[in-house]
Engineer: 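Okay, handing you the structure first.
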Number of protein chains: 2
Amino acid sequence: MTNHSPQLDRVFHALADPTRRAVLERLSVGTAAVSELAAPFDMALPSFLQHLKVLETSGLVRSWKEGRVRTYQLSPEPLRAAEGWMARQRELWERRLDRLDRYLEELKPAERPKATTSGARRKK
Amino acid sequence: MTNHSPQLDRVFHALADPTRRAVLERLSVGTAAVSELAAPFDMALPSFLQHLKVLETSGLVRSWKEGRVRTYQLSPEPLRAAEGWMARQRELWERRLDRLDRYLEELKPAERPKATTSGARRKK
DNA sequence: GCAATGGTTAGGCTTTGACCTAAGTATCGC
DNA sequence: GCGATACTTAGGTCAAAGCCTAACCATTGC
């Protein structure tokens, strides 16, 4: 409720686009230059560069330039952070839903009145 | 490169906003009604409802109405899907980066010419 | 029935995101 | 040096995202 992580915002936002996810998938095979990364996409280079910028700003990739070629490489830390958040959440959720299931199971033949906190059940 | 999953787009987009993540965190404690979820946020109700809609469209939550109260609940499948993508990626990345590290380690005193696919190294 | 409660819909505003074209700049190769 | 290569920068369009206010239902409680 309280802690806001711009880092997570950026990482999830970066992951929310298919082009960017595809770039990450390509990079998991090995480093690559801009034009090499851009090749599979039917998109003007400058548009594509924006995607690379989003990825780099999120921290998911790094890049360096040598001569006129800029090479991109993955950088896994931010992904680990995002994955951590998700894993933590999922665990909580599943634990909770398990408890709920067991609870509902117990009063199988009964009325199934309330879920837990405040909401009640029964579709209508 | 080839497969585009609108489902993943939506889930990651849903997760890219701090308000929405906070709602999910709240829901991992238990179901809750709209006004209860909205309470901690300094935001007009209709604006907040949009966030709930994004969450529901992504599949991360469900809701049902009883009388005039709408109750929200988590729905973990889509999160598991997103987590799956990330875990798969991370594994690839880390495996790759490990290989790279070992490789670079081997030619420690040497020149460190190329990374793997195409890009070369050396900061400048 | 009628006011209060709990959500919902409609519409408008502003910012951000995803694209594009056109015009640079900085190597590289001969 | 000079053309080709590999990005970069500038600026413009259009749609989507995030917020808001102002009505508008639908229950509930007295």
Side-chain angles (χ1 to χ4, degrees), chain A residues 4 6 8-24 27 31-58 60-73 117-120 122-124, chain B residues 4 6 8-24 26-27 31-58 60-73 114 117-120 122-124:
Chain A
H4 169 202
L8 275 186
D9 291 4
R10 282 192 296 269
V11 171
F12 282 129
H13 173 242
L15 294 174
D17 181 277
T19 300
R20 292 193 289 261
R21 284 199 307 279
V23 168
L24 293 177
L27 285 177
T31 62
V34 170
S35 45
E36 195 186 338
L37 288 171
F41 301 98
D42 185 20
M43 190 183 293
L45 230 209
S47 314
F48 185 75
L49 283 182
Q50 288 188 327
H51 287 298
L52 291 180
K53 195 166 186 189
V54 169
L55 284 171
E56 191 150 24
T57 302
S58 78
L60 287 165
V61 307
R62 312 156 176 288
S63 75
W64 62 89
K65 203 167 177 177
E66 254 184 308
R68 54 188 170 172
V69 176
R70 179 172 292 278
T71 303
Y72 280 86
Q73 181 187 32
T117 331
S118 64
R122 232 169 341 152
K123 204 54 163 267
K124 213 293 175 57
Chain B
H4 169 203
L8 275 186
D9 290 3
R10 281 192 297 268
V11 171
F12 282 130
H13 173 243
L15 292 174
D17 181 277
T19 300
R20 293 194 288 261
R21 285 199 306 278
V23 167
L24 293 177
R26 164 63 189 80
L27 285 178
T31 62
V34 170
S35 45
E36 194 187 338
L37 287 171
F41 301 98
D42 186 20
M43 189 184 292
L45 230 209
S47 313
F48 185 75
L49 283 182
Q50 289 188 327
H51 286 299
L52 291 182
K53 195 165 185 190
V54 169
L55 285 171
E56 192 151 22
T57 301
S58 78
L60 287 164
V61 306
R62 311 155 178 287
S63 75
W64 62 90
K65 204 169 178 177
E66 254 182 308
R68 55 188 170 174
V69 176
R70 178 172 294 278
T71 302
Y72 279 86
Q73 182 186 32
K114 292 164 140 284
T117 328
S118 66
R122 229 167 344 147
K123 203 54 163 266
K124 216 285 174 60

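Given the structure is predicted, the values throughout are model-derived calculations rather than measurements. Labels below follow one simple rule: chain letters A, B, ... track the order of the sequence lines, proteins then strands, and each chain is numbered from 1.
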Engineer: For A:Phe48 and A:Val34, work out which heavy atoms get closest and say how close.
Structural biologist: CE2-O, 4.1 Å

Engineer: Under the rule for side chain to side chain contact (heavy atoms under 4.5 Å, CB included), what residues qualify as partners of A:Ala39, not counting sequence neighbours?
Structural biologist: none

Engineer: Which residues satisfy the side chain to side chain contact (heavy atoms under 4.5 Å, CB included) test with A:Ser35, sequence neighbours excluded?
Structural biologist: none

Engineer: Between atom CG of B:Leu52 and atom CG of B:Leu60, what is the distance when rounded to the nearest 0.5 Å?
Structural biologist: 12.0 Å

Engineer: What are the atom names and distances for every N/O pair under 3.5 Å that joins the protein to nucleotides 1-6 of chain C?
Structural biologist:
residue: C:dT5; atom: O2; partner: B:Arg68; partner atom: NH1; Å: 2.4
residue: C:dG6; atom: O3'; partner: B:Arg68; partner atom: O; Å: 3.4

Engineer: CD of A:Glu66 versus C1' of D:dT5: gap in Å, rounded?
Structural biologist: 16 Å

Engineer: Starting at atom CG of B:Leu49, determine the distance to atom C1' of D:dA22, rounded to an integer number of angstrom.
Structural biologist: 15 Å

Engineer: Starting at CD of B:Glu56 and ending at C1' of C:dT8, how long is that distance when rounded to a whole Å?
Structural biologist: 14 Å

Engineer: Check the distance between C:dG17's P and A:Leu15's CG and give it to me in whole angstrom.
Structural biologist: 15 Å

Engineer: Could you state the atom-to-atom distance from CZ of B:Arg21 to P of D:dG18 in whole Å?
Structural biologist: 12 Å

Engineer: Minimum heavy-atom separation for B:Ala32 and B:Leu27, please, with both atom names.
Structural biologist: N-CD2, 3.9 Å

Engineer: Taking all non-hydrogen atoms of both residues, which atom of A:Leu45 and which atom of A:Ala38 are closest, and how far apart?
Structural biologist: CD2-CB, 4.0 Å

Engineer: When the distance from CZ of B:Phe12 to P of C:dG17 is rounded to whole Å, what number comes out?
Structural biologist: 18 Å

Engineer: Could you state the atom-to-atom distance from CG of B:Leu55 to C1' of D:dA17 in whole Å?
Structural biologist: 14 Å

Engineer: Go through the structure and list residues passing side chain to side chain contact (heavy atoms under 4.5 Å, CB included) with B:Arg62, not counting sequence neighbours.
Structural biologist: B:Gln73, B:Ser75, B:Glu77

Engineer: Sequence neighbours excluded, which residues qualify as side chain to side chain contact (heavy atoms under 4.5 Å, CB included) partners of A:Glu56?
Structural biologist: A:Val61, A:Ser63, A:Tyr72

Engineer: So which protein nitrogen or oxygen atoms get under 3.5 Å of nucleotides 18-22 of chain C's nitrogens or oxygens?
Structural biologist:
residue: C:dA18; atom: OP1; partner: A:Arg20; partner atom: NH2; Å: 3.4
residue: C:dA18; atom: OP2; partner: A:Arg20; partner atom: NH1; Å: 3.2
residue: C:dC19; atom: OP2; partner: A:His51; partner atom: NE2; Å: 2.5
residue: C:dC19; atom: N4; partner: A:Gln50; partner atom: NE2; Å: 3.2
residue: C:dC20; atom: OP2; partner: A:Ala44; partner atom: N; Å: 2.7
residue: C:dC20; atom: OP2; partner: A:Ser47; partner atom: OG; Å: 2.6

Engineer: Got a list of side-chain donor-acceptor pairs under 3.5 Å for residues 12-20 of chain A, not counting sequence neighbours?
Structural biologist:
residue: A:Asp17; atom: OD1; partner: A:Thr19; partner atom: N; Å: 2.8
residue: A:Asp17; atom: OD1; partner: A:Arg20; partner atom: N; Å: 3.1
residue: A:Arg20; atom: NE; partner: A:Ala14; partner atom: O; Å: 2.9
residue: A:Arg20; atom: NH1; partner: A:His51; partner atom: ND1; Å: 3.1
residue: A:Arg20; atom: NH2; partner: A:His13; partner atom: O; Å: 3.1

Engineer: Quick one: pull up CD in A:Gln50 and OG1 in A:Thr57 and give me the separation to the nearest 0.5 Å.
Structural biologist: 11.0 Å

Engineer: Between the protein and nucleotides 14-16 of chain D, which nitrogen or oxygen pairs are less than 3.5 angstrom apart?
Structural biologist:
none

